[in-house]
Amino acid sequence: MKTAEEIRALLHKNKLRLHQELVQSKEAMSLIRKSTHAKLTPEERQKIYVLILDICKSIPALAVFLLPGGAILLPLLIKLIPDILPSAFREDASEH
């Protein structure tokens, strides 16, 4: 069983990860806006691809979490399908 300090540390780490996802989403939006009036470089196109893929991965993970028992089911799915998580949440998944 986790102590209150471990839970606080985990919540803080996930808060930072969510912030990173939001920053990346804002970056994707600015690149998409830029693409409406200028041609993107191959690097920018790749970055948009990765960022949109991360956004698309967030939706099923959130849907599973919101299901009854989803808080238990999501960690099991992550063990079975590690690619279900956005990149900000996968960086240290090997620690768990």
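What's counted below: heavy atoms across the whole structure, side chains too, no hydrogens, waters or symmetry copies. Nothing fancy with the numbering, it's 1 onward along the sequence.
- The CD atom of Gln46 sits 12.0 Å away from atom CG of Leu40, with the distance rounded to the nearest 0.5 Å.
- Both Ile52 and Leu31 are assigned to one and the same hydrophobic cluster, defined by single-linkage of ILVMFWY side chains at heavy-atom distances under 4.5 Å.
- A single hydrophobic cluster is not seen to contain both Met29 and Val50; linkage of ILVMFWY side chains at heavy-atom distances under 4.5 Å, directly or through other members, places them apart.
- Between the CD atom in Glu44 and the NZ atom in Lys39 there is a gap of 12.0 Å [rounded to 0.5 Å].
- Here the shortest heavy-atom pairing between Arg33 and Thr36 reads O-OG1, 2.5 Å.
- Here the CD atom belonging to Glu43 is positioned 12.0 Å from the CD1 atom belonging to Ile48, to the nearest 0.5 angstrom.
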